[in-house]
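Some notes on the structure that comes next.
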Amino acid sequence: MMTYVLRRCLMAILVAFTVSLGTYALFHFATDPAQTIAGEDAPQEMVDEIREQFGFDRPLLVQYGDWLGGVFQGDFGTSYFWKQPVVELIKEHAGVTITLALVSLLVTILIALPLGISAALKPNSWVDRFALSIAVSAQAIPNFWLGLMVIILFAVTFPIFPVSGDATWRHFVLPSLVLGASSVPAVMRLTRTGLLDVLASDYIRTARAKGFMGYRLILQQAMRNALLPIVSVLAVQLGHKLGGSVVTESVFSMNGLGRLAVESIFNSDIPTVQSLILIFVLTFVLLTLAADLINAWLDPRIRMG
Amino acid sequence: MATRDVVGDVTIAAVETPPNEEELGLGLSPSKAALKRARTHRGLKIGFGILLVMAVFAIFAPWLAPYDPYLQNLPMRMLPPVWMEGGSWEYLLGTDHLGRDYLSRLIHGARISMFIGIGAASIGAIIGVTLGLIAGYYGGWIDQGVNFLVTCQLAVPSLLLIMALVFVIGQSVTVVIFVIGATHWVFYLLVVRSATLRLRELDFVAAAQAMGCSKFKIAVREVLPNLSNQIMVIFTLEVAVAILSEATLSFLGLGIPSPLPSWGLMIAEGKAAMFFQPWLVILPGLALFVLVIAINLLGDGVRDVTVTHRRN
């Protein structure tokens with residue numbers, strides 16, 4: 001078990017830094033940070049001076065190492081565009097994104113698990129067909145468009161919730177629904193197939209023969225095994241939501257990390273972009289790592305093999 | 001691990017519709033049996049039908065669209081569709097904020113969506129299938145290297161990466177196709193890799209080896225044709241994913257440049273007037289929804305009728 005955990009941790013760290021170095025290199029080759037700081041029509045001498053002052057003339061790896069050294073001390077550099085420490089910017093924006101991600105994950109679970117379970121209990125019934133058609137449609141709806149439709153319906157035609165912003169809990173209702181809906185198809189399908197597989201297995205037949213029935217059978221005996229893939233997919237989805245609620249945040253004008261990332265891309269703000277991507281990748285890697293560890297704990301076959 | 005749900009989703013078909021011995025067409029050749037099953041598969045027929053109609057509109061757009069999609073007619077701007085008050089038969093689906101005919105723009109938009117979807121999915125297929133064949137066939141440290149690449153690709157917030165790439169390289173149709181393709185190859189790789197691992201142990205590969213075929217030749221001539229069904233299914237589903245990615249990118253302002261009639265861009269342009277002229281946003285979104293759902297139905301259907309392990 002220890003070697004398994006260690007190997008996975010090492011892999012996680014390696015992935016996070018490979019990706020962050022890749023982003024760093026991409027932006028350094030493609031844009032001129034000295035020019036970005038100086039402004040577009042700054043005189044050449046000023047640009048050169050800034051380049052020397054900030055050390056942009058040093059080799060790429062040295063600059064990256066320098067930045068990474070700072071990261072380990074909690075210093076992510078200073079934003080070129082907002083002219084303030086990136087750490088401050090992230091602290092300001094993280095709350096919205098974390099709240100949105102967690103609530104929308106809850107929405108996903110509350111819709112997808114009951115649908116998937118009831119579909120698996122009666123395959124090919126109307127419940128199953130209904131669940132499947134929801135999955136098929138939800139997969140095909142462009143998420144940003146769903147956001148706009150929900151705004152038209154619940155903020156304009158029936159003004160129940162605010163159109164945009166992130167000031168009160170009421171601002172989070174519509175975005176969470178929209179973001180949560182995007183993960184429903186994957187989670188629902190996996191719940192359904194996972195549970196169907198488990199229900200067809202020998203040990204469930206044995207349990208039935210011993211007199212286990214109905215919800216007790218499902219919840220106590222079958223779900224434990226069906227949960228394995230669901231834990232993984234939920235971790236992946238939460239990772240996407242923490243790092244990728246770009247669209248939802250833009251549609252609902254919420255000041256989260258996703259919108260911060262988009263704005264810093266538009267402004268070639270390298271320190272902010274690379275810090276955010278490092279954080280997103282680390283979050284994702286840690287979440288999938290946690291899911292793997294939970295699975296290893298739930299299923300001895302994984303940790304032994 | 002992240003890869004598990006991906007593979008799980010691709011193989012769902014085995015459980016989704018229980019096999020019916022009659023419909024399986026036992027005793028026929030595999031392709032004939034698949035065709036026979038295809039004719040009774042409702043989702044596949046619906047998806048194929050819708051797609052056929054939309055493809056005809058996309059291919060013959062210049063002849064079928066009533067107006068030039070770029071022609072501005074400012075006095076006629078923001079006309080509603082014909083069935084609403086103030087609509088006219090001249091502009092069936094109304095006009096946009098520059099007085100351009102909305103129906104014509106939607107028809108030309110189908111062209112852009114399909115072109116980008118097929119282009120990006122092809123590029124993803126080339127990358128994913130090549131890497132999958134290499135990883136599955138050679139194994140060892142090459143396989144581990146490819147595996148590491150997959151883990152990195154899955155960990156990156158892909159929309160942000162695509163946006164950053166488009167921003168850095170520049171906005172154009174070609175760039176969008178290449179960037180979306182270059183970030184959507186993991187599905188192909190996973191399926192091709194595991195199938196190659198399985199296939200390379202089989203007798204016909206050993207026979208080819210005994211006859212002195214090179215590894216490259218075996219991979220391309222012996223292993224690849226056996227994967228065509230699975231690759232085709234993934235390709236179809238990836239076309240849908242690419243179309244949605246393009247629409248999202250264009251909506252956020254880092255995809256297809258204006259004035260091209262991309263559906264995502266049309267939604268972005270209509271958003272400003274969304275509260276007063278909601279059809280500007282509703283119509284292109286509906287078009288996207290119908291196109292993507294048709295492609296998905298077709299992909300799921302092809303998977304249902306061609307999956308081989310059900311016949312064995």
Side-chain angles (χ1 to χ4, degrees), chain A residues 11 14-16 18-19 22-23 26-27 29-31 123-124 132 136-137 139-146 148-149 151-152 156 186 189-190 192-194 196-197 228-229 232-233 235-236 239-240 243-244 246-247 250-251 258 261-262 265-266 268 273 276-277 280-281 284-285 288 291-292 295, chain B residues 1-6 8-9 11-12 14-18 43 148-149 151-161 163-169 240 243-244 247-248 251-254 263-264 267-268 270-271 274-275 278 281-282 284-286 288-297 300:
Chain A
M11 182 80 166
L14 209 58
V15 166
T18 311
V19 172
T23 335
L26 171 76
F27 268 86
F29 284 127
T31 64
N124 288 317
L132 192 69
V136 170
S137 333
Q139 222 163 10
I141 295 181
N143 206 246
F144 64 94
W145 184 70
L146 181 65
L148 296 176
M149 291 302 104
I151 291 178
I152 291 180
V156 180
R189 279 174 190 256
L190 214 59
R192 180 184 179 278
T193 31
L196 270 180
D197 278 349
L228 294 175
S232 301
V233 79
V236 170
H240 285 323
V246 178
V247 178
S250 299
V251 170
V262 173
I265 288 177
F266 273 114
S268 318
V273 174
L276 283 172
I277 290 202
F280 291 156
V281 172
F284 186 88
V285 169
T288 44
D292 283 1
N295 274 349
Chain B
M1 184 52 233
T3 54
R4 196 174 297 138
D5 72 292
V6 175
D9 211 39
T11 49
I12 278 172
V15 205
E16 224 139 61
T17 37
F148 183 71
L149 208 60
T151 320
C152 289
Q153 165 75 57
L154 286 172
V156 180
S158 63
L159 183 62
L160 278 181
L161 177 68
M163 291 177 74
L165 282 169
V166 174
F167 178 77
V168 164
I169 308 172
I243 287 175
L244 285 179
T248 309
F251 173 73
L252 292 173
L254 270 176
W263 289 341
I267 296 176
K271 196 187 155 203
M274 176 174 89
F275 300 138
V281 169
I282 295 175
L286 271 183
L288 265 173
F289 175 64
V290 172
L291 176 60
V292 171
I293 214 170
I295 296 174
N296 282 342
L297 282 176
D300 285 347

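- The candidate with the highest count of non-hydrogen atom pairs below 4.5 Å against chain B, out of A:Thr23, A:Val156, A:Leu148, is A:Leu148.
- You'll find the side chain of B:Val156 stays beyond 4.5 Å of the side chain of A:Phe284, heavy atoms only.
- Between atom CG of residue B:Leu161 and atom CG of residue A:Leu26 there is a gap of 7.5 Å, rounded to the nearest 0.5 Å.
- In this structure, chain A has heavy atoms under 4.5 Å from both the backbone and the side chain of B:Phe148.
- For A:Val136, the parts lying near chain B are the backbone and the side chain together; criterion is any non-hydrogen pair under 4.5 Å.
- For the pair A:Val246/B:Leu160, a side-chain contact is recorded, criterion being any heavy-atom separation below 4.5 Å from C-beta on.
- The side chain to side chain contact (heavy atoms under 4.5 Å, CB included) check on B:Ala294 picks up B:Ile50, B:Leu51, with sequence neighbours excluded.
- For the atom pair CG of B:Leu254 and CZ of A:Phe266, the computed distance is 3.5 Å after rounding to the nearest 0.5 Å.
- For B:Ala155, the parts lying near chain A are the backbone and the side chain together; criterion is any non-hydrogen pair under 4.5 Å.
- Closest of all the heavy-atom pairs between A:Ile152 and B:Pro278 is CD1-CB, 3.9 Å.
- Ranked by non-hydrogen atom pairs under 4.5 Å with chain B, the options A:Ser137, A:Ala261, A:Ser250 are led by A:Ser137.
- Annotation: side chain to side chain contact (heavy atoms under 4.5 Å, CB included) contacts of A:Ala16 (sequence neighbours excluded): A:Val281, A:Leu282.
- The residue among A:Thr18, A:Val251, A:Ile151 with the most heavy atom pairs within less than 4.5 Å of chain B is A:Thr18.
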* **Verdict with supporting geometry, B:Thr248 and A:Asn143, side chain to side chain contact (heavy atoms under 4.5 Å, CB included)** => CA-CA 8 Å; B:Thr248 309; A:Asn143 206 246; over 6 Å; no
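- Heavy-atom distances place both the backbone and the side chain of B:Ile282 under 4.5 Å from chain A.
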* Dump the intermediate steps for side chain to side chain contact (heavy atoms under 4.5 Å, CB included) on B:Val292 and A:Gln139, then the final yes or no. => CA-CA 8 Å; B:Val292 171; A:Gln139 222 163 10; over 6 Å; no
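- Using cut-offs of 30° and 60° for the angle between ring planes, the A:Phe144 and B:Phe251 rings count as parallel.
- For chain B, the option among A:Ala235, A:Ser268, A:Pro142 with the highest count of heavy-atom pairs below 4.5 Å is A:Pro142.
- Neither the backbone nor the side chain of B:Ile243 has a heavy atom closer than 4.5 Å to any heavy atom of chain A.
- Separating the CG atom in B:Leu244 from the CD1 atom in A:Ile141 is a distance of 10.0 Å, to the nearest 0.5 Å.
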